[in-house]
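Below you'll find the structure, written out as structure tokens, and then a few comments.
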Number of protein chains: 2
Amino acid sequence: MLEFAILGLLHRSPMHGYELRKQLAEVLGGMRSISYGSLYPALKRMRAAGLISTDEPDPHALLPADAPPLTGRRGKVVYTITAEGKERFHELVGQTGPEAYDDGGLFGVRLAFFRHTASDVRLRILEGRRRTVEQQREGLRSSLARTRERLDHYTLELQRHGLESVDREVRWLSELIDTERREASGTSGAAALPDPPDGDRSNPA
Amino acid sequence: MLEFAILGLLHRSPMHGYELRKQLAEVLGGMRSISYGSLYPALKRMRAAGLISTDEPDPHALLPADAPPLTGRRGKVVYTITAEGKERFHELVGQTGPEAYDDGGLFGVRLAFFRHTASDVRLRILEGRRRTVEQQREGLRSSLARTRERLDHYTLELQRHGLESVDREVRWLSELIDTERREASGTSGAAALPDPPDGDRSNPA
DNA sequence: TCCTCGATGTATCGGGACGATACATTGCGT
DNA sequence: ACGCAATGTATCGTCCCGATACATCGAGGA
């Protein structure tokens with residue numbers, strides 16, 4: 001998830017880790033932040049994988065037994081996406097399997113970078129997400145119906161509030177889907193007919 | 001957080017790990033589950049700390065070099081809260097510091113076991129939570145106002161939906177607070193006057 | 001009768017994410 | 001001139017999650 005987000009942000013322009021974190025927090029809706037304890041290890045992994053590169057060749061290399069007053073000497077590091085990273089990003093952007101929408105966190109990131117995503121892929125992801133959330137809603141509904149009278153006031157309120165939130169999310173997704181369908185039929189018309197006979201519902205891995 | 005939840009559930013009756021997980025998922029609102037990868041290590045920690053006990057003395061002890069056909073021989077384990085565990089639970093229940101409401105997960109658990117919590121403590125936690133979520137909302141609002149025209153359709157929708165969710169949570173909390181205040185003034189009247197001059201807003205650790 | 005399937009049940013492993021923390025530099029107000 | 005807030009890089013310990021393996025048992029159909 002972090003990998004996707006970082007690639008998406010660096011796709012626009014190179015950045016410091018610090019700036020990356022701020023933009024990340026903003027793009028993620030502000031409520032879900034990201035800590036340095038996740039960010040820097042992720043950057044390290046991605047650098048090792050060749051997806052991004054740094055201007056500073058290596059912050060911790062080549063200092064045999066130099067001047068002791070050189071205690072920290074921390075240099076600023078600018079991260080840049082590589083050609084391989086861009087390739088990886090566009091590969092990830094094309095994914096439409098359950099992993100793209102089952103996890104709410106990843107789904108949020110996908111949504112934040114939807115302008116890099118083809119319209120038919122967008123539609124598949126939105127519909128997948130709606131299916132997932134609808135299933136959550138049904139589980140919640142039946143659970144609530146089963147245990148309604150055994151619950152005290154606060155537990156009941158918690159369940160009720162949760163159910164309402166999920167319900168609102170389904171409606172929100174439905175609006176997004178409607179808009180997407182309208183836009184798609186207006187522009188290309190091939191990828192998204194208003195109502196194809198059924199569609200397969202399979203996930204192309 | 002898990003510790004609190006486990007103590008709260010075992011407070012009612014002893015249980016298997018499996019049952020514990022189911023009840024946990026139900027009490028947490030259904031949408032946030034809990035995995036065995038967290039549950040069993042937590043149980044192990046709490047057992048080591050003397051907060052809970054098992055009927056099986058030790059699943060992995062005393063088998064010198066017995067019969068080889070005894071390959072797995074996994075026994076069922078029932079977990080029971082100890083006197084020390086109950087003590088710890090009631091100590092945790094009394095906590096009103098920021099840790100009780102800053103993290104949404106812990107707050108949810110606290111709410112689920114509110115019937116073990118005194119009315120004035122409930123009120124402090126609910127108000128603390130509302131303050132936290134209100135701050136989130138303000139951050140979100142200003143962020144949205146600052147970046148509104150730079151955002152594409154989907155990013156904008158994401159922010160809007162997030163803001164609405166937070167807004168609904170604030171209103172929900174306000175209703176809970178109102179109800180709690182009404183109830184409190186009807187029963188004891190000492191812990192929660194309808195509107196004290198200001199209250200201190202400090203957190204008693 | 002046997003056999004599979006789903007529920008019940010215990011447990012570990014690797015990978016990550018988080019909060020706290022430390023350290024270093026820059027710029028701005030006063 | 002000084003200090004304080006923002007910028008900036010990085011690690012550590014702790015915890016949690018998804019996946020996985022293993023094991024038992026009841027009910028239902030071949």
Side-chain angles (χ1 to χ4, degrees), chain A residues 1-6 14-25 28 31-49 52 54-61 63 69-79 97-99 102-106 108-109 132, chain B residues 1-6 14-25 28 31-49 52 54-61 63 69-79 97-99 102-106 108-109 132:
Chain A
M1 188 218 88
L2 251 188
E3 179 184 325
F4 192 104
I6 291 171
M15 253 179 266
H16 288 169
Y18 185 86
E19 181 71 14
L20 213 37
R21 184 185 188 252
K22 277 200 311 180
Q23 303 248 347
L24 227 33
L28 265 289
M31 65 209 66
R32 52 191 313 104
S33 187
I34 198 71
S35 80
Y36 292 125
S38 331
L39 179 59
Y40 283 112
L43 288 171
K44 200 178 241 181
R45 284 197 302 274
M46 292 168 69
R47 186 177 185 280
I52 60 177
T54 59
D55 59 347
E56 218 93 6
D58 195 326
H60 280 293
L63 58 160
L70 169 57
T71 27
R73 205 59 208 115
R74 200 94 72 162
K76 302 193 178 185
V77 184
V78 175
Y79 298 92
E99 68 278 1
D102 275 4
D103 173 39
L106 182 51
V109 178
T132 296
Chain B
M1 188 218 86
L2 251 189
E3 180 184 325
F4 193 104
I6 291 171
M15 254 179 267
H16 288 167
Y18 185 86
E19 182 71 14
L20 212 37
R21 183 183 188 254
K22 276 201 311 181
Q23 304 249 346
L24 227 34
L28 265 288
M31 66 209 65
R32 52 191 314 101
S33 187
I34 198 71
S35 79
Y36 293 124
S38 332
L39 180 59
Y40 283 111
L43 288 171
K44 202 178 241 182
R45 283 197 303 273
M46 292 168 68
R47 187 178 184 279
I52 60 178
T54 59
D55 59 346
E56 219 93 8
D58 195 325
H60 279 292
L63 56 161
L70 169 57
T71 27
R73 208 56 208 116
R74 201 93 71 160
K76 302 192 178 183
V77 184
V78 175
Y79 297 92
E99 68 277 2
D102 274 5
D103 172 40
L106 182 50
V109 178
T132 296

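Convention: sequence-line order gives letters A, B, ...; per-chain numbering from 1.
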* Of the non-hydrogen atoms in B:Ile6 and B:Met46, which two are nearest, and what is the gap between them? -> CG2-CE, 3.7 Å
* **Comparing B:Lys44 and B:Lys22 on DNA chain C - which has the more 5′ nearest nucleotide** => B:Lys22
* To do: Check B:Ile34 against B:Leu24 and note the closest heavy-atom contact, atom names and distance.
  => CG2-CD2, 3.7 Å
* To do: Using a cut-off of strictly less than 4.0 Å, decide whether B:Tyr40 has a side-chain nitrogen or oxygen near OP1 or OP2 of C:dT10.
  => yes
* Could you check if a side-chain atom of B:Leu43 sits within less than 4.5 angstrom of a side-chain atom of B:Leu20, using non-hydrogen atoms only? => yes
* State, to 0.1 Å, how close A:Gly17 and A:Leu39 come at their nearest heavy-atom pair, and which atoms those are. => O-CD2, 3.4 Å
* Contact class for A:Arg45 vs. all strands (heavy atom < 4.0 Å): base, sugar-phosphate, or nothing? -> sugar-phosphate
* Considering non-hydrogen atoms only, spot the tightest contact between A:Asp55 and A:Lys76 and give its length. => OD1-O, 4.1 Å
* In whole angstrom, give the distance that lies between atom OH of B:Tyr79 and atom P of C:dG9. => 12 Å
* Asked: So, is the end of the B:Arg21 side chain (NZ or CZ) under 6.0 Å from the ring centre of B:Tyr36 and within 45° of the ring's axis?
  -> yes
* Nearest-Å distance, NE2 (B:His16) to P (C:dA7)? -> 19 Å
* Asked: What is the distance, rounded to the nearest whole Å, between atom OH of A:Tyr18 and atom P of C:dT25?
  -> 17 Å
Are there any protein N/O atoms within less than 3.5 Å of an N/O atom in nucleotides 17-19 of chain D, and if so, which ones and at what distance?
unit_1	atom_1	unit_2	atom_2	d
D:dC17	OP2	B:Ser38	OG	2.1
D:dC17	N4	B:Gly37	O	3.3

